[in-house]
Amino acid sequence: MVGVQERVDDSALIERSLHDPESFAELFDRHAEEIHRYAARRLGGELAEDVTGEVFLIAFRGRARYDRTRPDARPWLYGIATKVVSQHRRAERRRNHAMAKLGADRPDGFDERSADRLSAELLQPRLARALTRLSAAERDLLLLLAWADLTYDEAAEALGIPVGTVRSRLHRLRAKVRRALGADPFAAEEGHRG
């Protein structure tokens, strides 16, 4: 079909930006919202915009070192985001501690469609408490898998560790989360991750 332009993969876009820096804006347009959501979940909305800006500034400055054999830049961007979040770790800890202290009081009268949301909201303080008990490496892995929906291979790439390390950390992490929540949050997803 004439006039229909094929989408260029992230790798080609990054390579193009080496000669045409303005084209990096397309990478930002593709992934900024997702990185912003991840940062907001980790640190709260007040820091998310700054973190997102930092992530893309670092990515822009380091784009010449991007591994262009990888067509999807999401793991690379999440790796940068994880490092930037670690610089703001105190804010994340304060947020998790505050969420852990929140009561699960909700008014009566929710309809059936709200049951899932209510269950998640009731679980939120326990989940926040469990997150505060994890090491930084475990928390980063959990949130990359759960919130960014990365595969084990993508999480390994984002964190700069072997996929075997992802699997062993996740094994230990499951036991901790299971004790804290009384359930294994990854049991239903195991088949599609590996």
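Quick note: residue numbers are just sequence positions, from 1.
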Pair D153, T151 - check side chain to side chain donor-acceptor pair (under 3.5 Å), show working.
CA-CA 5 Å; D153 290 334; T151 65; 5.1 Å; no
Side chain proximity check, R16 to E26, heavy atoms < 4.5 angstrom
yes
Given H31, which of T52, D72, D10 fulfils the side chain to side chain donor-acceptor pair (under 3.5 Å) condition?
D10
Closest heavy-atom pair and its distance - V84, V55:
CG2-CG2, 4.2 Å
Starting at CZ of R42, measure out to CZ of R139 and round the result to the nearest 0.5 Å.
6.5 Å
Separation of R74 CZ from E154 CD (nearest 0.5 Å):
5.5 Å
Check P71 against D9 and note the closest heavy-atom contact, atom names and distance.
CB-OD2, 3.5 Å
Is there a side-chain contact (heavy atoms from CB on, under 4.5 Å) between I161 and R169 once you walk through the steps?
CA-CA 11 Å; I161 59 176; R169 277 188 194 165; 3.5 Å; yes
Kindly give the heavy-atom pair with the smallest separation between A64 and L18, and that separation in Å.
CA-CD2, 3.7 Å
Decide whether R68 and S11 meet the rule of one side-chain donor and one side-chain acceptor closer than 3.5 Å.
no
To the nearest 0.5 Å, what is the distance between CZ (F28) and CG (L13)?
13.5 Å
Hey, does the Lys NZ or Arg CZ of R41 hover above the aromatic six-ring of Y38, less than 6.0 Å from the centre and inside 45° of the axis?
no
Counting only heavy atoms not in K83 (residues, nucleotides, ligands), do more than 12 fall under 6.0 Å from its NZ?
no
Taking every non-hydrogen atom, the tightest pair across A81 and I35:
CB-CG2, 4.3 Å
What are the two closest non-hydrogen atoms of A155 and V166, and how far apart are they?
C-CG2, 4.4 Å
Provide the closest heavy-atom pair for E46 versus D50 in the form atom of the first, atom of the second, distance.
O-OD2, 4.5 Å
If we only count heavy atoms from C-beta on, is the L142 to E138 side-chain gap below 4.5 Å?
no
To the nearest 0.5 Å, what is the distance between CZ (R172) and CG (L141)?
9.5 Å
Measuring only between side-chain heavy atoms, which start at C-beta, is Q87 closer than 4.5 Å to E54?
yes
E157 bridged to R70 by N-O distance under 4.0 Å
yes
May I ask you to test the E15-R63 pair for a side-chain heavy-atom distance under 4.5 Å?
no
To the nearest 0.5 Å, how far apart are CG in D140 and OH in Y78?
13.5 Å
If we only count heavy atoms from C-beta on, is the L27 to F60 side-chain gap below 4.5 Å?
no
Taking atom CZ of F24 and atom CZ of R61, what is their separation to the nearest 0.5 Å?
11.5 Å
Going through the distances and angles, do L145 and Y152 end up as a side-chain contact (heavy atoms from CB on, under 4.5 Å)?
CA-CA 7 Å; L145 294 172; Y152 291 177; 3.8 Å; yes
